[in-house]
2 protein chains.
Amino acid sequence: MTRTPTAGKAGRRRDPEKDAQILQATLDVLAETDYADVTIELVAARAGAGRHTIYRRWEGKDELILAAIACTDSADLGPDGLPDTGTLRSDFLALLDPNWMGGSERRLRILSSVSAMITRTPRAVDAVTKAIVDPSTAAYRFLIQRAVDRGEYAPPHNLDALAQVIPSMAAYRAFFMQQVVDEEFMLAIIDGVVLAALREPSAANR
Amino acid sequence: MTRTPTAGKAGRRRDPEKDAQILQATLDVLAETDYADVTIELVAARAGAGRHTIYRRWEGKDELILAAIACTDSADLGPDGLPDTGTLRSDFLALLDPNWMGGSERRLRILSSVSAMITRTPRAVDAVTKAIVDPSTAAYRFLIQRAVDRGEYAPPHNLDALAQVIPSMAAYRAFFMQQVVDEEFMLAIIDGVVLAALREPSAANR
DNA sequence: CTAATACGGCACTAGTCAGTGCCGCAATCG
DNA sequence: CGATTGCGGCACTGACTAGTGCCGTATTAG
């Protein structure tokens, strides 16, 4: 990830804080503007660093951005960070709360910016997949599976496909339609698509 | 759309062919590379035109691209251009045929490239919405509604939401996952999501 | 102390690209 | 015919930016 400092002994030590500050600044800029408009100058200024401090740690612009993507915080998408309200429907709605939605919206913006990079750098696909796409899908898959396990719904025909519905449609709406992913929209997807595709469990499954 | 030529009388006439050639070339380049990599030079070369010929007709790069988006051919998404195979499921699958998929895939690529422009130019949202997003949704809405009308399924809880499922998920897969929208994937969405969310009609609806 | 490294700031190079001006030629009107 | 406009090609300007070198300063090992 970070360029290895030479193993010499003397000299001032690299500030580990700077690594995080630079990566955070990169994500900030990435979330605010487009990939093409992300300049090292901007990132450096945002991080309160010199450009050299960046180039000393990463090979170039692409490496920096890939590293930043890789450190996107998706902890809120782990099983322990997800809501557990008792019903799948309110679990989904809980993801709209600022706690989670702050992360989601940020992830969406970053995803949008990086999409431009994806067409050029195949490695960006892996980075985005690991850091954003997979965790999102996994989160929804987890919520649905848990609801199935507790007998709320019957096992779906295709869990993976269902788990991708909400992230896909939210991303589509946020990017291409530039409309807010608000409660009204989420309810339309939740009730009109995801829950509609799930069936009540048969007696045998209870 | 096109810059108005001065209403003078004498002089050589503008070649109407060139307008179309330039717009097509713009769409070609847009479908092949990213928005940031679309240079006027490239478009001009592709269209066999000089850069002046472009600047004479459009204010600048953005105007050109907006005009190109607006003239994206979505005729295949009108009711008359859509497949009518008898069942909703095979209608969906028929959209994968090269006839339609050529257009769909091209639209997806263009959509992807323009997404970078969207964050900058709000007008791009309207252009993309009118030329690509709305026609796609309308096409799927039409197919579903027709199936409902013929008694294949009961009226869905939320037709608009259902109509956006396939375009959204196909776009998400194509952009962010950079994976092919092939038959396997389409079947997963169709059977696992869309048709799963539709119910058999009750006797009263037949 | 000295040597070595990190840091921020500045200046510089090199490359790219939007947009414009000019040239020569073609077409069209009067 | 001459005036006017369209066209392709070329050269040019101006702006921006990735990446590098240099300077003065700060930090750390020996």
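Naming: A, B, ... by sequence-line order, numbering from 1 per chain. Excluded from the calculations below are hydrogen atoms, water molecules and symmetry mates; all remaining heavy atoms, backbone and side chain alike, are included.
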Pairing of B:R109 and B:D34 as salt bridge, 4.0 angstrom limit:
no
Do NZ/NE/NH1/NH2 and the carboxylate oxygens of B:D62 and B:R120 come within less than 4.0 Å?
no
Residue pairs fulfilling salt bridge (Lys or Arg N to Asp or Glu O under 4.0 Å) with at least one residue in residues 40-52 of chain B, sequence neighbours excluded:
B:D28-B:R46, B:E32-B:R46, B:E41-B:R51
Are there over 12 heavy-atom neighbours, none belonging to A:R173, within less than 6.0 Å of that residue's CZ?
yes
How does protein reach along nucleotides 24-30 of chain C, written 5' to 3' as B (base within reach of a heavy atom under 4.0 Å), S (only sugar-phosphate), or - (no contact)?
--BBBS-
Using a 4.0 Å cut-off on protein heavy atoms (strictly under), produce a 5'-to-3' string for nucleotides 13-21 of chain D with B for base contact, S for backbone-only sugar-phosphate contact, and - for none.
----SSBBB
How many Å lie between [atom1] on [X] and [atom2] on [N], as a whole number?
| X | N | atom1 | atom2 | result |
| --- | --- | --- | --- | --- |
| A:Q21 | C:dA6 | CD | C1' | 14 Å |
| B:R14 | D:dT4 | CZ | P | 18 Å |
| B:L42 | C:dT16 | CG | C1' | 13 Å |
| B:W58 | C:dT20 | CH2 | P | 16 Å |
| A:I54 | C:dG9 | CD1 | P | 12 Å |

Do the side-chain N or O atoms of A:T53 get closer than 4.0 angstrom to the phosphate oxygens (OP1, OP2) of C:dA6?
no
With sequence neighbours left out, write down each residue that passes side chain to side chain contact (heavy atoms under 4.5 Å, CB included) with [X], or none if nothing qualifies.
| X | result |
| --- | --- |
| A:D126 | none |
| A:L42 | A:V29, A:T39 |
| A:R150 | A:D84, A:D91, A:R146, A:A147, A:E152 |

Report the relative orientation of the aromatic rings in B:F92 and B:Y140; use parallel for angles under 30°, tilted for 30 to 60°, perpendicular for over 60°.
tilted
When all nucleic acid strands are considered with a 4.0 Å heavy-atom cut-off, which category describes A:A49: base, sugar-phosphate, or nothing?
sugar-phosphate
